[in-house]
Amino acid sequence: MPQPVRECRSLTESNWFRFAVFVWLVFYFSAFFSQDLPNSNPRTNRTEIAYAAPWLLLDLVDPPRPDPADPQAVAIREQSGWRYFPQRFDLLFVAGIIVAGAWGCGHLALRIVSPPV
């Protein structure tokens, strides 16, 4: 009687590999976020930065209203706005060329490698 054929699973499909990757990621991120930032004065932990980053990035999208009596706020308000947006068209054009070149290089690399779909 012939022996039953064992199903050969690849390394990435096995459960122990997924568990090992998960344990490694937990170890790496716990070690990364437990250290202080180098060259920071006063000492700052990376978790403090991780908690503050969303609010700091939100201020870039929707900045808080400045005090109208502040002379720096008046100068910023007079020298900024949508009327200066056309000055950025050349930068947007160059960024578009870079994105198109990266897209094309990616397609060429995929054509060379030709992965099975």
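- Ring geometry for F89 against F85 counts as perpendicular: the plane angle is over 60°, on a 0 to 90° scale with 30° as the lower cut.
- The two residues Y51 and P54 come nearest to each other via the heavy atoms O-CD, 3.6 Å.
- Closest non-hydrogen pair, L37 versus I49, comes out as CD1-CG1, 3.7 Å.
- Here the closest heavy-atom approach between residue A31 and residue S34 is recorded as O-OG, 3.0 Å.
- Atom CZ of R43 is surrounded by 12 or fewer heavy atoms from other residues, nucleotides or ligands within 6.0 Å.
- With W24 as the fixed residue, the ring pair (Phe, Tyr, Trp, His ring centres under 6.0 Å) test singles out one of Y28, F22, F27: Y28.
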Please output the side-chain donor-acceptor pairs of residues 92-114 that fall under 3.5 Å, not counting sequence neighbours, one pair per line with the distance.
| residue | atom | partner | partner atom | Å |
| --- | --- | --- | --- | --- |
| W103 | NE1 | H107 | NE2 | 2.6 |

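- Of the possible donor and acceptor atoms, one in the side chain of R46 sits under 3.5 Å from a partner among the backbone N and O of F32.
- In plain terms, the two heavy atoms of T44 and E48 that are nearest each other are CG2-OE1, 3.5 Å.
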